[in-house]
Amino acid sequence: MEQRYDPKTIEPRWQQVWEDTGAFAVKEDPSREKYYLLEMFPYPSGRIHIGHVRNYTIGDVVARYKRMRGYNVLHPMGWDAFGMPAENAAIDNNTHPAKWTYENIDAMRKQLKRLGFSYDWSREIATCDPQYYRWEQWLFIRMYENGMVYRKESYVNWCNTCRTVLANEQVEAGSCWRCGKQVKQEKLWGWFFRITDYAEDLLEYCDRLPGWPEKVLTMQKNWIGKSEGAEISFPVSGADETITVFTTRPDTIFGATFMVLAPEHPLVQKLAQGTEQQFAVEEFVEKMARESRTDRLLENREKEGVFLGAWCINPVNNRQIPIYTANFALMEYGTGAVMAVPAHDQRDFEFAGKYGTDIIPVIKPEDTHIEDTAREQAYTGDGEMVNSGPFDGLHNRRAYEDIIQWFENQGIGRRAISYRLRDWGISRQRYWGAPVPVVHCPDCGTVPVDEKDLPVVLPEDIDLLEGGGSPLSSHEEFVNATCPACGATAKRETDTMDTFVESSWYFARYCSPGYDKGMFEPGAVEYWMPVDQYIGGVEHAVMHLLYSRYFTRVLKDLGLVSFKEPFTRLLTQGMVSKETQQCPEHGFLYPEETQYRDESVFCRKCGRPVQSGRVEKMSKSKKNIIDPNELVEHYGADTVRLFCLFASPPERDLEWSEQGVEGGFRFLNRIWRLAGNWIPRMENEPSYDGAPADLEGETRDLYIKAHQTIKKVTDDIEARFHFNTAISAVMELVNAMYGLESQIKPQAADSKTAAVMRYSLETAVVLLAPMVPHITEELWTALGNKPGSLANTQWPVYRKDALTADTRLIVVQVNGKLRGKFETEAGADEETIKQQALADENVTRFIEGKEIKKVITVKDKLVNIVV
RNA sequence: GCCUGGGUGGCGGAAUAGGUAGACGCAAGGGACUUAAAAUCCCUUGGGGCAUAGUCCCCGUACGAGUUCGAUUCUCGUCCCAGGCACCA
């Protein structure tokens, strides 16, 4: 064993051993219990950042821990390789997205290997590989055949200058991020997955995922957004049209005094036609179309609308009510039409105030006068029905049911359930994605590609368009096809799929990554799936995780798998964030693009002062990323891993700071030196494994400490993945070993002491093995074990009889304030400790001359005297 | 705006079932060793108070109320921060 701890020589050596022996490659083995541990795979942006390191270190600790517990652990890694950044980078650097992507993958794989993660690299996948997306296309066809996919028109952000669709992220203050021109809402045909068919099931199972964080399930439930109510038809006055609304408050229908349609509602322009409002309506609809979806939905918008010049009839009282279109009505939700009840809905109330429509209260709170209802604001609570014809006098909850019944009898409405969840639009007008495997035939319409012609491969010779528009449509060879049904000349679909599609089933592909007869080999997928523990950023709490749950249901319903939930347990790791730096001229800046001068920061390119922005999650687009390379170079992988784990518990957000990395390195050095000091003395000394009763003094205390540490570390990992406290426990054990060393030098140690020391040192090494695998493997070998065997060594077990000391510290409070403490025998009865507490000198000062009202005692813990 | 979290020393954090607030580490200060530096080791370290310097007292877990013998922990309200909001992944 070297004198000095030198990660630069140790780490590559063990990484080589793991690689050469295929230490983490696994195969299905029905005789062993499996454990599938998965971290969310990265987008190959080029460099891993510290957020990845945190995520993958957490996962690696669990994988290594489970391996030591005897499980057959599947721990794969791959690349979520399609997406916009590759296209943007390709345009900027005049290269090809594929080239850019695969180079990034190579660079990042190298970085991951340097960190010593225990992946089964033989299972690596990249979603841009035709052998991967081939099966995605195959599944698309199966879904198409089963009516799970359809085409429809929907609104998108459109930049007319760049002739392309823009992601919300690419719209900056209503303008295109590249050319700066105003963005418009355009209707576009696209493909949709019927995820709404699964809304109820996805919602129901939110209560059957005990291994998921409550907050994620709550977010998913809210995203699905089930609401129960009724659909009601309102006939339009003087026209052969009806407007159907969805409402959760059918009990307030007598108070409906106007109608609001979403600007995109098909009846808006139709009804305004020929009225004096026609021009105003057209102008308003046009204005709404100019607003990007983000702006319209997200900001605290003033309610705005315009009268259509048309009326409809409230079917319950035949009252004529005006029809408006307004910005707060959304075509995507419900039916795109809202019956407005200003007396009992705050949004409607504000709109009514602004446009002067009637406000009629129909529910009266108890003990109030009807005139006082809905004066200042809408009344949304319960009460007695008024102004509601036959329902007057009933409680509104009761009337709710009666009114729906009445609608159904009259044929004007019915009970209905509405979800906020919308169908999943998967069409992207981009190049770098999996092509939708469909052909448009002038005679047969849309026809799926024949299975034997899969994959529909992305052509490599393309001209990317500035702005990221779809270059496939101008690639003649790709577009021109023959109809699989009739053989006529046809056009190939040029949309590619949302990259969320790839990430919705990759976890199953890892089970048999090279399988070429289907999406996955049935035996393998049934052995490994579902994922036992999934780990990833909390930012994926809704979309990715919900899409994956949906996809797994589709796979099950198509008979491809037997389970419908993909992830048994989920750990959502908090984000690593950092302050952004922004130049007024050049936008976001990397640290190396800035310059320090006179205690301020300036842009290197233009010299303007840089504004420090908000603290945000690390992302390449914000340029606030930390590259772990330098840290690994300086301290080694083990220190970086240790620090990421020690800095905070995994679920917590972490604002990046390097303060403390040094401490991790120092700690590893401390163990290294301790081992160096003692190993010569322990050479022929077996590890102590007897009862603590046969030991005494400091040796006994240390032995107990070692067992306590095993319990603490095991509990911290098992129950809540709190590696930070696990590490501090091992630090305390190491401190205790140093404490003993200061009393007894290695050369002078008797046999029992050396044996206990060996036990403690081995314990510390084994407990740290999942977290810092290189140094521990080295020390394990130095301690006389078979080289490379630590990764598969049994996790230690603690002795129950070595867990507790026999004295307890009792805390004494007077009126809940700490006034004293004393040691007493464990299990001392309450009366004894009470007497002892009352005798305490400091305590007597506080109770002297006062009446003792009550004494609360908690066994082995505390006495509280109330005076 | 809506949904979901979070807020504890100079910093990261600990307190796992309502019972000693600040474990462990970083930073800082002081000391030892050294010709010197690095490394290492030891001590101090939330704020304030004191004729008694203590096993001392007061305040303190974003802010304001409440429940309780006792609240960082439970309840209500307020402020601030972060994530998501459907074409970033």
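A quick note: this is a predicted structure, and the numbers were derived from the prediction, not measured. In the text below, chain A, chain B and the rest are named by the order of the sequence lines, each starting its count at 1.
Listed candidates were B:rC69, B:rU16, B:rC85. Nearest to the side chain of A:Ile856 is B:rC69. Taking every side-chain heavy atom of A:Asp498 into account, B:rC87 is the closest of B:rU16, B:rC24, B:rC87. The nucleotide whose nearest atom lies closest to any side-chain atom of A:Ser728 is, among B:rU16, B:rU4, B:rA23, B:rA23. Closest to the side chain of A:Arg819, out of B:rC58, B:rA89, B:rU16, is B:rC58. In the set B:rC56, B:rC88, B:rA15, the nucleotide with an atom closest to the side chain of A:Arg845 is B:rC56. Set against B:rG25, B:rG13, B:rC87, the side chain of A:Asn735 has B:rG25 as its closest nucleotide. Distances were taken from every side-chain heavy atom of A:Asn222 (C-beta onward) to each of B:rA14, B:rA27, B:rC3; the shortest belongs to B:rC3. The side chain of A:Arg673 sits closest to B:rU40 out of B:rU40, B:rG83, B:rA23. Side-chain proximity of A:Arg666 to the nucleotides B:rG19, B:rU40, B:rU20 is greatest for B:rU40. Side-chain atoms of A:Leu421 lie closest to B:rA86 of the nucleotides B:rA86, B:rA23, B:rU20.
Applying side-chain contact (heavy atoms from CB on, under 4.5 Å) to A:Trp424 and the options A:Val501, A:Leu546, A:Val149 leaves one that passes, A:Val501. With respect to A:Ile625, the side-chain contact (heavy atoms from CB on, under 4.5 Å) criterion is satisfied by exactly one of A:Arg47, A:Met618, A:His52, A:Lys578: A:Met618.
Salt-bridge check for A:Glu823 with A:Arg808: failed, with every basic side-chain N at 4.0 Å or more from each acidic carboxylate O.
The six-membered or imidazole ring of A:Phe328 lies near that of A:Phe351, with a centre-to-centre distance under 6.0 Å. Checked against the 6.0 Å centroid threshold, A:Tyr506 and A:Trp79 do not count as a close aromatic pair.
Interatomic distance, CG of A:Asp840 versus CZ of A:Phe846, reported as 11.0 Å (0.5 Å rounding). Here the straight-line distance linking atom CG of A:Asp498 with atom CZ of A:Arg430 works out to 9.5 Å at 0.5 Å rounding. Between the CD1 atom of A:Ile426 and the CD1 atom of A:Ile195 there is a distance of 12.0 Å, given to the nearest 0.5 Å.
Across all strands shown, B:rA28 forms a Watson-Crick or G-U wobble pair with B:rU44, both key distances being under 3.5 Å. Summarising the base pairing, B:rC33 is matched to no nucleotide, lacking a Watson-Crick or G-U wobble pair whose two defining distances lie under 3.5 Å. Base pairing analysis places B:rC85 opposite B:rG1; the two distances defining the Watson-Crick or G-U wobble pair are each below 3.5 Å. Across every strand in view, B:rA23 sits unpaired, with no contact that passes the Watson-Crick or G-U test at under 3.5 angstrom. In this entry B:rG64 has B:rC76 as its Watson-Crick or G-U wobble partner, both defining distances falling under 3.5 Å.
B:rG9: glycosidic angle within 90° of 0, hence syn. Base orientation of B:rA17: syn, since the glycosidic angle falls within 90° of 0.
A distance of about 36 Å separates the C1' atoms of B:rU16 and B:rG49, rounded to the whole Å. Nucleotides B:rA36 and B:rA21 have their P atoms positioned 45 Å apart, rounded to a whole Å. When the C1' atom is compared between B:rG60 and B:rG46, the two are found 8 Å apart, to the nearest whole Å. Separation of the C1' atoms belonging to B:rA23 and B:rG9 is 14 Å when rounded to the nearest angstrom. Using P as the reference atom, B:rG84 and B:rG10 are 31 Å apart when rounded to the nearest Å. When the C1' atom is used for both B:rU75 and B:rA89, the distance is 39 Å, rounded to whole Å. Atom name P, nucleotides B:rC41 and B:rG5: the rounded distance is 44 Å, in whole Å. With both ends at atom P, the span from B:rU20 to B:rG31 equals 37 Å, rounded to whole Å.
Contact between the side-chain N/O atoms of A:Lys854 and the OP1/OP2 oxygens of B:rC69 is found at a separation under 4.0 Å. Within the 4.0 Å cut-off from OP1 or OP2 of B:rC57, at least one side-chain nitrogen or oxygen of A:Asn842 is found. OP1 or OP2 of B:rG13 lies within a sub-4.0 Å distance of a side-chain N or O belonging to A:Arg652. Look at A:Arg720 and you won't find any side-chain N or O under 4.0 angstrom from OP1 or OP2 of B:rU16.
When each of A:Ser657 and A:Ile727 is assigned the nucleotide of RNA chain B with its nearest heavy atom, A:Ser657 is the one assigned upstream, toward the 5' end. Residue A:Asp716 is the one, among A:Gly663 and A:Asp716, whose nearest nucleotide of RNA chain B lies closer to the 5' end (criterion: closest heavy atom).
Judged by the 6.0 Å distance and 45° axis criteria, A:Arg151 is not positioned over the aromatic ring of A:Phe192. In this structure, A:Arg194 forms a cation-pi arrangement with A:Tyr150, its terminal cationic atom sitting closer than 6.0 Å to the ring centre and no more than 45° off the ring axis.
Judged by distance alone, with hydrogens and angles left aside, A:Gln429 brings a side-chain donor or acceptor within reach of the base of B:rC87, the pair sitting under 3.5 Å. Checked by distance alone, A:Lys221 brings no side-chain donor or acceptor within 3.5 Å of a matching partner on the base of B:rU4.
Near-neighbour residues of RNA chain B inside residues 614-624 of chain A, defined by a heavy atom below 4.0 Å, number-ordered: A:Arg614, A:Val615, A:Glu616, A:Lys617.
Heavy-atom neighbours of A:Lys853 NZ from other residues, nucleotides or ligands within 6.0 Å: at or below the threshold of 12.
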Verdict with supporting geometry, A:Arg614 and A:Glu616, salt bridge (charged side-chain N to carboxylate O under 4.0 Å, His left out): CA-CA 6 Å; A:Arg614 300 193 310 164; A:Glu616 291 181 82; 3.8 Å; yes
Between protein and nucleotides 70-75 of chain B, what N or O pairs are separated by less than 3.5 Å?
none

